[in-house]
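Heads up: numbering here begins at 1 and tracks the sequence. Below, all heavy atoms of this structure are taken into account, side chains as well, without hydrogens, waters or symmetry copies.
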Amino acid sequence: MSDLNDDVVLITGGGSGLGLALVARFIEEGARVVTLERSAEKVTRLQQQFGEQIVAVQGDVTSFADNQRAVKMALSRFGRLDCFIGNAGIWDHNASLLATSPEQLESGFNELFAVNVKGYLLGARASAAALLESSGSMIFTLSNAAWYPGGGGPLYTASKHAAVGLIRQLAYELAPKVRVNGVGPCGMASDLRGPQALGQQDTSIMQSLTPEKIAAILPLQFSPAPEDFTGPYVMLASRRNNRTLSGVTINADAGLAIWGIRHVAGGLLL
């Protein structure tokens, strides 16, 4: 039996993609799961799929009140909180600096950073007291864009670099009670969307990338599914398997760091 049996885990953005895979994996490990999900339709599907094994709360990660409500639901339903996973995010579909108008940069920054950075910060603040009580952990979803360019445009890449700084600062502030870490997946088939400010709210990542294109980029030469990334989260959440890691970011990039993200400039493959 996993040592996560009966642990209570709060996951943001649990309705699809990596978030849904994390919900399923932690339930499989015996954890009790709460998720904060913006889409009412996805909340209904989660409840239908997992029944009493999940508490699905409709809300927006950019609202402290909604984050706080999800934490309160975890405490009222299960009496504790052991792990907060900040996972909800949006992508910029590689919108470049010069191809994006100044007005879109301004509004896109506000929207993307509100979800990808402020959402993590507010979730951490809402869950901190309960995690200090349980000596629990926080885990934040990063990206290969947290280490090197080409995994997004400047807005997305900057947001993921900001999340790395947030992880390190929170690990510093919340030690010794709470371990704070991150996992940076590479591209995967998911429903990850873009900001409305860039007109990308209805465009998923798989409309910009294909599984074949993702596989071609990666040294391991396969297109990962969301389920392929859940192991590091389980390890980091586990008290038995992780007593020593805090302030750590796991680069789960299918070997991408070996090559980097190559692109064509001036007719040459760089």
If hydrophobic clusters are built by linking Ile, Leu, Val, Met, Phe, Trp and Tyr wherever their side-chain heavy atoms come under 4.5 Å apart, do [X] and [Y] end up in the same one?
X: I167; Y: W147; value: yes
X: L174; Y: L131; value: yes
X: Y172; Y: L132; value: no
X: V43; Y: L18; value: no
X: F64; Y: V71; value: no

What pair of heavy atoms forms the shortest contact from [X] to [Y], and how long is it?
X: P185; Y: V183; answer: CD-O, 3.2 Å
X: V8; Y: A74; answer: CG1-CB, 4.1 Å
X: F84; Y: A124; answer: CE2-N, 3.8 Å
X: S246; Y: V178; answer: OG-O, 4.1 Å
X: G152; Y: W91; answer: CA-NE1, 3.7 Å
X: L218; Y: A254; answer: CD1-CB, 3.8 Å

Atom [atom1] in [X], atom [atom2] in [Y]: separation rounded to 0.5 Å?
X: N116; Y: H161; atom1: CG; atom2: NE2; answer: 13.5 Å
X: R80; Y: L75; atom1: CZ; atom2: CG; answer: 10.0 Å
X: L97; Y: L155; atom1: CG; atom2: CG; answer: 9.0 Å
X: L121; Y: L170; atom1: CG; atom2: CG; answer: 7.0 Å
X: C186; Y: N144; atom1: SG; atom2: CG; answer: 6.5 Å
X: E37; Y: Q47; atom1: CD; atom2: CD; answer: 11.0 Å

If the condition is side chain to side chain donor-acceptor pair (under 3.5 Å), which residues does [X] pass it with, not counting sequence neighbours?
X: T141; result: N87, Y233
X: E52; result: R77
X: Q221; result: none
X: R69; result: D66

* Does the pair L46 and L20 meet the rule for a side-chain contact (heavy atoms from CB on, under 4.5 Å), with working shown? -> CA-CA 8 Å; L46 284 164; L20 180 58; 3.7 Å; yes
Are the side chain of [X] and the backbone of [Y] linked by a donor-acceptor contact shorter than 3.5 Å?
X: R179; Y: L236; answer: yes
X: T35; Y: A56; answer: no
X: R168; Y: G247; answer: no
X: S134; Y: L81; answer: yes
X: N242; Y: A237; answer: no
X: D92; Y: G153; answer: yes
X: N181; Y: L245; answer: yes
X: N67; Y: V61; answer: yes
X: D3; Y: R239; answer: yes
X: T230; Y: A21; answer: no

Residues in side-chain contact (heavy atoms from CB on, under 4.5 Å) with [X], at least two apart?
X: N110; value: E106
X: V234; value: L4, R25, F26, E29
X: E133; value: none

* Should we say atom CZ of F222 is surrounded by more than 12 heavy atoms from elsewhere, each under 6.0 Å from it? ->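 For F222, atom CZ is crowded (more than 12 foreign heavy atoms under 6.0 Å).
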* **M235 atom CE: more than 12 heavy-atom contacts under 6.0 Å** =>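 Yes, because the 6.0 Å sphere around CE of M235 holds more than 12 heavy atoms from other groups.
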Please enumerate all residues that pass salt bridge (Lys or Arg N to Asp or Glu O under 4.0 Å) together with [X], with sequence neighbours excluded.
X: E41; answer: R45
X: R38; answer: none
X: D253; answer: none

* To do: Sequence neighbours left out, what passes ring pair (Phe, Tyr, Trp, His ring centres under 6.0 Å) with F50? Give chain and number order.
  =>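 By the ring pair (Phe, Tyr, Trp, His ring centres under 6.0 Å) rule, F50 matches no residue at all.
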* To do: Please name all residues satisfying ring pair (Phe, Tyr, Trp, His ring centres under 6.0 Å) with F113, sequence neighbours left out, ordered by chain then number.
  =>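 Checked F113 against ring pair (Phe, Tyr, Trp, His ring centres under 6.0 Å); matches are F109.
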Mind checking whether [X] and [Y] have side chains closer than 4.5 Å, heavy atoms only?
X: T62; Y: V115; value: yes
X: Q53; Y: V33; value: no
X: D6; Y: D82; value: no

* Asked: Parallel under 30°, tilted from 30 to 60°, perpendicular over 60°: which one fits the rings of Y120 and F140?
  ->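 The arrangement is tilted - the two ring planes meet at 30° to 60°.
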